[in-house]
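Working notes for the structure below.
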Amino acid sequence: MQLSNRLIKWLISGPPLVFLLIFFVAPSLIMIVTSFRLPGEFGGLVPLNIFAERSGIDSGLTLETYQFFLSDWIYLEIFLKSFVIATLTTIICIAMAYPLALLIANSPRKFRNLMIMLVVLPFASNFLIRVYAWMIILGPESTLSHVINHILGVLDFEPITLLFSPFAVLIGMVYVHLPFMILPLYTNLEKHDPILLDAAQDLGANRWQRFWSVTWPLSLPGIFSGSALVFIPVLGMFAIPDILGGTGDIMIGNLIKDQFLGTRDWPFGSTLSIMLTIAVLGVTVFFTWLARSVMRSP
Amino acid sequence: MLGLLIRYLALVLAAWLSGCSGMDSMTSDKTDTRILQLFNWNNYIAPETIQHFEKTCNCQVKQDYFSDNEEMLAKLAAGATGYDLIVPTGNALHTLIQQQALSPLDKTQLPNLKNIESAYLNTRFDPANQFSVPYAYTLTLLGYNRNKIQELGLPTNTWALIFEPEYLQKIKHRVTVLDSPRELMAAALLYLGYSANDQDETHWNQAKALIIRAKPYWAAFSNTSYIRELAIGDLWVVQGYSNDLFQAALDAHKTGRSFAIDYTIPKQGAVMSLDSMVIHRSGQHPDLAHQFINFMMDGKNSAELTNLIGSGNPNRAATPFIRPELTRHPVIFPDPSTLSHLEMLTDLNHKQRRTLSRIWTEIKLR
Amino acid sequence: MRRSSPLLRLIAMLVYAFLYIPLCIVVVFSFNDSKLNAEWVGFTLYWYQTLWNDHEMLLAVRNSLFIACCASLSATILGTMAGLAIHRYRLKVLPILAFTPLAMPEILLGVSLLLFYLQVLNLTLGLISIILAHTTFCIGFVAIIVRARLQGMDESIFEAARDLGATPWQAFYHVTLPLIKPAIIAGALMSFTLSIDDFVITFFTKGIGEPILPIQIYTMIKVAVTPEINAISTLLMLLTLTLITLANRFGSSMLRDPSH
């Protein structure tokens, strides 16, 4: 019995472990080493020859890139800015996803799969074309812009531009990441036992009280995992600030992309990515701790 | 659940196979023909040109696309192989040569080389054209909504239009500039009276200050979406590439807009990007690649690209085949005096690249 | 099932509208007789006709669908295992390995995988290399959602099944699997959409000569957006819809057999 349990443990955790060791850990090690190297004179090639002996006197390893990163506040500022945008996106996503996920979870079983599919279906179309659709909606001559500016005009405000603004970036981010909040929330809400709600009702709790004392606390794991799936990818996103953003909307994702596909500074790109990963892991650890303490004290 | 999985798998396989059989009917008789593998910009060769070449060489042309020189360089730098022919821009060409990624051309197989205008040969990137043959070029220009600019009485022949607040305040949030540190800095440096390739850091800082001063008036940094936005009238002034602006002007005309799109070379000068054909070392068919290069230097074939996208053409023999409204256009075919105002961007070393990237980050953040 | 309040219904409908308004624009403009798509000009099937004759693009659609199906399948299986293992055994290493790819910028993942394929594995790039790459970053998504489903669930049912003499496989198949089924479906759907949309990792891990949809679209948009892309998007949604419906229908008819 003891042996078979151990066997099962390895049977379940072995395949993903091995797969990730090969296809994630090994490549990542290459990039970690890269961050300690110098960029080549003609682009990425020199730092890539990790496996070839480097001719010359120096070892080719350096802390210069990290010094460059740490010697400047500007990069930290971009990190902070990206975290603010990611936080806002996550909060808006929770606010929009929760009602929908709750409605789907409370629907008759036969409709649930259909409703979930309706959430995912728009995302089978191409990402860029969806973002371009928002350009059409938010453009300066669009109906929405005219309506909003008309209202602002009546109220005696300056007209605003919707497209090419932080507002447009936020809309794009929410739009693209919303399913990643809806799906985990739905899978969580769907398993709630209606008996608990009935019990609360019998105890005289009204709709809101039932929600706050039963549904909400039970749904926290769903919210936490959904938040992880929204918050983290937003940080690495570069296409949306590129397309919908204005002149000041730069995020950490743009900066990293620029190091690989612009400046040809792979070591700095790796350094930035490692810093980002560490920051994200830090935030995750913090939230896991928070989640544990919240869920322990109902 | 298991059943679902099996069914799903079967479905995928079925879809795959049905797709295969459909596709095979088109390609099956070509299994033993040779394949010329291009690594090219999308829409950078006319489909009829490819068909024509496939007929003459009895081979098949396949293309992979990149949307930026740097994407192509990064993929090759990591070791991707198998491309016969690549179409890089000047400074990327320089990089490829320095990386020894290219194989030298055999000029005896390229009799049509005589068609190329001498002004486009022997560039500083490849002094004796040992590795490259000019393909087409684009200029980085000012594009604008002619009616709107006339109405506002703004000048169009100077970079001041996108840098001077006195002009910019009339077109606030209707301007975009390129999302490229090199191109934007080049425009700023030219406006300040320096060379587009100036590498003096104090000059760079002056350019940075100029850009940061103008930035609040711009709507965005845009590399692609400006084409459409200009053509539908949402934008009034853009810094853009000549073939994109050609596209925008054509689109605006074809869809019957009430305004026209025009583009000019500013008097301070502009950047020219010359794209070349090169043969990658890892290619399987250098002979086919030579044949293709020679084919593309034929006047008629070369003209087809210009007619399609309005790119500049370095080929003398192509002129008779190009639509006259294009040959008359001073931007697509600049005269020698204009040509002396145009500069090709050189590559920077890694320290300079890091400095420029730092400046660019600051520009974006401020 | 419980009755939902009208307010909840209203908000949910608004969220659906938010999801579908841009989509309507995509679909409607695929029938628009104007290349610029600035306003409605007239109905045409021209873009579908163009698409139909664009063999390269159709090949790209097929390749991408195939990659998305395979990647979502393998990611769902591995991710479900990872989620189960993390939940049940309080592992230390696996969660870090499964969740860190989410925090990795995709460009880093793309470049490092390419280096790894070419310089370590000496693998010929092709559809397989893309599928492996997509699987890598999708595992975490599936694992998170499966684990969230399991959290707070009563493990004693599983133990009870074991005590009643069920083999571990039987206990898993008849107890655990039905419980986490919604999470598995959600994870598969997420992986599918992630895979079919990914440009950066695909660009770096693709082999030569195989057109892949996001690359075709991305490089095409660099030149100009044409409604042909709207037409592809519309068709892709229809295809996905058919695929899911078919899988669902066949699957549910198969599922009934063991339970009855």
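Letters A, B, ... mirror the listed sequences (proteins, then strands); counts begin at 1.
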### Message
Strictly by salt bridge (Lys or Arg N to Asp or Glu O under 4.0 Å), give each pair with a member in residues 63-79 of chain C just once, sequence neighbours left out.
### Response
none
### Task
Count the heavy atoms of every other residue, nucleotide or ligand shown that sit under 6.0 Å from CD of Q284(B), and state whether that count exceeds 12.
no
### Task
Please report the C-alpha distance between E71(B) and Y218(C) in whole Å, then the side-chain angles of each, then the deciding distance to 0.1 Å, and finally whether the side-chain contact (heavy atoms from CB on, under 4.5 Å) criterion is met.
CA-CA 12 Å; E71(B) 275 170 19; Y218(C) 195 88; 4.1 Å; yes
#### Entry: Part of S225(B) lying under 4.5 Å from any heavy atom of chain C
neither
### Query
Of all of I212(C), L125(C), L118(C), which one pairs up most often with chain B through heavy atoms under 4.5 Å apart?
L118(C)
### Task
Check each atom of F116(C) against the heavy atoms of chain B and say whether the ones under 4.5 Å are side chain, backbone, both or neither.
neither
### Message
Once salt bridge (Lys or Arg N to Asp or Glu O under 4.0 Å) is applied, what residue pairs with a partner in residues 202-220 of chain C remain, sequence neighbours excluded?
### Response
D64(B)-K206(C)
### Task
Count the heavy atoms of every other residue, nucleotide or ligand shown that sit under 6.0 Å from OH of Y46(C), and state whether that count exceeds 12.
no
### Smallest separation among heavy atoms of Y65(B) and F203(C), with atom names
O-CE1, 3.6 Å
### Query
Regarding K75(B) and the six-membered ring of F204(C), is the cationic atom NZ or CZ under 6.0 Å from the ring centre and inside 45° of its axis?
no
### Task
Give the member of K254(B), Q63(B), Q37(B) that has the highest number of heavy-atom pairs under 4.5 Å with chain C.
Q37(B)
### Query
So which of T124(C), L114(C), I208(C) has the largest heavy-atom pair count under 4.5 angstrom toward chain B?
I208(C)
### Query
Relative to chain C, which segment of F66(B) carries a heavy atom at a distance below 4.5 Å: side chain, backbone, both, or neither?
both
